[in-house]
Amino acid sequence: DGKYRFTDVVDIEGMFRIIESIPSPNAEPIKLWLARLGKERIDEIFNPSITVQRAIDTYRAKGYDEDWIIKRIKGIQDRKKLTDTWKSGGVTEEVEFAILTNDIYKEWSGMTAKEYKQYKGLRKENLRDNMDNIELILTDLSEEATKRIAAKQKPNGLNENIKVARMGGHAAKVARDDIERNLGE
């Protein structure tokens, strides 16, 4: 109706806290579910392999094939190694990691991560979870090249790491251009 009103809003964590406080039998199934989730997360602290298996099971339930799942799990490990390399090169802030990631993506795909998500029509979903095998391989190639170039050149600080990130992204761009030329698409 075009009128403005004060509205109470809450995030997901706040919503769960409200649900926990509802003294109604109708809220019990959700309370039990929350308790089960809490127990599962505590179990994962004591046995981290449960977390990995849960991720694999979730990807399977979403319909991903085994080869894709293997590439995705390996990509997660490789990404951690890359961020460790950046940390040793003086990059520590989350915003700096995002800048470097965007430079890698921009170089090989022509789009930042945000633009790539928009191109794929994604909102909250993880970009890599919505990449096909070739896209995952190109992303992995760009990050692996960046990591190895950084190991050789030992960049320090954001600006030096940006140059290296672009070099790593360029390696994947060359591969992408060649693949597209050979496929004709």
Side-chain angles (χ1 to χ4, degrees), residues 1-87 91-106 108-109 111-140 142-143 147 158 165:
D1 61 4
K3 295 180 181 174
Y4 292 96
R5 295 176 178 81
F6 287 108
T7 305
D8 291 327
V9 295
V10 68
D11 62 9
I12 292 174
E13 183 180 352
M15 182 59 66
F16 286 148
R17 299 275 301 167
I18 291 168
I19 291 167
E20 289 172 338
S21 70
I22 298 172
S24 166
N26 293 336
E28 277 309 304
I30 296 173
K31 290 179 181 181
L32 290 172
W33 175 71
L34 287 172
R36 190 175 68 249
L37 282 181
K39 180 203 174 296
E40 288 172 2
R41 294 308 170 270
I42 290 170
D43 290 346
E44 290 171 3
I45 290 169
F46 292 106
N47 184 357
S49 68
I50 295 171
T51 305
V52 175
Q53 188 59 52
R54 183 171 49 85
I56 291 168
D57 292 343
T58 300
Y59 285 131
R60 282 182 185 144
K62 289 183 171 190
Y64 293 101
D65 66 49
E66 295 300 313
D67 288 339
W68 185 96
I69 294 169
I70 291 166
K71 284 180 188 77
R72 181 66 180 106
I73 299 297
K74 184 179 180 317
I76 292 168
Q77 293 171 317
D78 291 344
R79 173 67 184 188
K80 175 69 173 119
K81 291 176 187 173
L82 176 61
T83 58
D84 288 346
T85 299
W86 284 339
K87 286 176 186 174
V91 175
T92 57
E93 303 295 321
E94 288 297 319
V95 68
E96 293 174 322
F97 292 136
I99 289 167
L100 293 170
T101 300
N102 276 332
D103 281 338
I104 290 173
Y105 274 101
K106 185 80 171 172
W108 80 259
S109 73
M111 296 176 270
T112 64
K114 182 179 181 180
E115 292 166 342
Y116 208 155
K117 284 180 83 167
Q118 289 172 341
Y119 169 75
K120 290 186 158 281
L122 306 175
R123 292 181 58 203
K124 288 189 93 169
E125 302 91 345
N126 184 291
L127 177 57
R128 292 175 199 229
D129 286 353
N130 289 278
M131 290 181 168
D132 65 21
N133 283 330
I134 291 284
E135 291 170 311
L136 277 179
I137 290 167
L138 290 171
T139 301
D140 289 347
S142 66
E143 292 185 346
K147 184 173 61 104
L158 181 61

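Count residues from 1 along the sequence. Note that this is a predicted model, so its numbers are computed, not measured.
- The distance from atom CG of Leu82 to atom CH2 of Trp86, rounded to the nearest 0.5 Å, is 4.0 Å.
- Of the candidates Asp57, Ile56, Thr58, Ile56 is the only one forming a side chain to side chain contact (heavy atoms under 4.5 Å, CB included) with Ile69.
- Using a 4.0 Å cut-off between charged side-chain N and carboxylate O, Glu115 and Lys106 make a salt bridge.
- Here the NZ atom belonging to Lys147 is positioned 11.0 Å from the OG1 atom belonging to Thr83, to the nearest 0.5 angstrom.
- When all heavy atoms of Asn130 and Asn126 are compared, the pair lying nearest together is ND2-O, 2.8 Å.
- Between Tyr105 and Tyr116, the two ring planes are perpendicular [angle over 60°; tilted spans 30° to 60°].
- Electrostatic pairing of Glu143 and Lys81 does not count as a salt bridge here, judged by no charged N lying under 4.0 Å from a carboxylate O.
- The CG atom of Asn102 sits 14.0 Å away from atom CZ of Phe97, with the distance rounded to the nearest 0.5 Å.
- Glu20 CD to Ile22 CD1: the interatomic distance, rounded to the nearest 0.5 Å, is 10.0 Å.
- Judged by distance alone, with hydrogens and angles left aside, the side-chain atoms of Lys31 form no donor-acceptor pair with the main-chain N or O of Pro25 at under 3.5 Å.
- Here the closest heavy-atom approach between residue Asn26 and residue Pro29 is recorded as O-CD, 3.4 Å.
- Around the CG atom of Leu32, the shell of radius 6.0 Å holds more than 12 heavy atoms that belong to other residues, nucleotides or ligands.
- Side-chain contact annotation: Asp129 with Tyr64, donor-acceptor N/O pair under 3.5 Å absent.
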Would you be so kind as to tabulate the donor-acceptor pairs closer than 3.5 Å made by side chains of residues 42-52, with sequence neighbours excluded?
| from | atom 1 | to | atom 2 | distance (Å) |
| --- | --- | --- | --- | --- |
| Asp43 | OD2 | Lys39 | NZ | 2.5 |
| Glu44 | OE1 | Thr51 | OG1 | 3.3 |
| Glu44 | OE1 | Arg54 | NH2 | 3.1 |
| Glu44 | OE2 | Arg54 | NE | 2.7 |
| Glu44 | OE2 | Arg54 | NH2 | 3.4 |
| Asn47 | OD1 | Ser49 | N | 3.4 |
| Asn47 | OD1 | Ser49 | OG | 2.6 |

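- Heavy-atom minimum distance, Ile104 versus Ser142: CG2-OG, 3.1 Å.
- Of all the heavy atoms in Ala27 and Ile19, the pair that sits closest is CB-O, 4.2 Å.
- A donor-acceptor pair under 3.5 Å links the side-chain atoms of Glu96 to the main chain of Glu93, judged by distance alone.
- If you run side chain to side chain contact (heavy atoms under 4.5 Å, CB included) between Trp68 and each of Ile73, Asp132, Leu136, only Leu136 comes through.
- Using a distance-only test at 3.5 Å, with no hydrogens or angles considered, no donor-acceptor pair links the side chain of Asp103 to the main chain of Ala165.
- For the atom pair Leu100 CG and Thr85 OG1, the distance stands at 11.5 Å (nearest 0.5 Å).
- One finds the CD1 atom of Ile30 at 10.0 Å from the CE atom of Met15 (value rounded to the nearest 0.5 Å).
- Results of the salt bridge (charged side-chain N to carboxylate O under 4.0 Å, His left out) test with Glu135 over Lys120, Lys71, Arg128 single out Lys120 as the only residue that passes.
- No option in Thr139, Thr101, Asp140 other than Thr101 meets the side chain to side chain donor-acceptor pair (under 3.5 Å) test with Arg79.
- The 12-atom threshold is exceeded at CD of Glu66, counting heavy atoms of other residues, nucleotides or ligands nearer than 6.0 Å.
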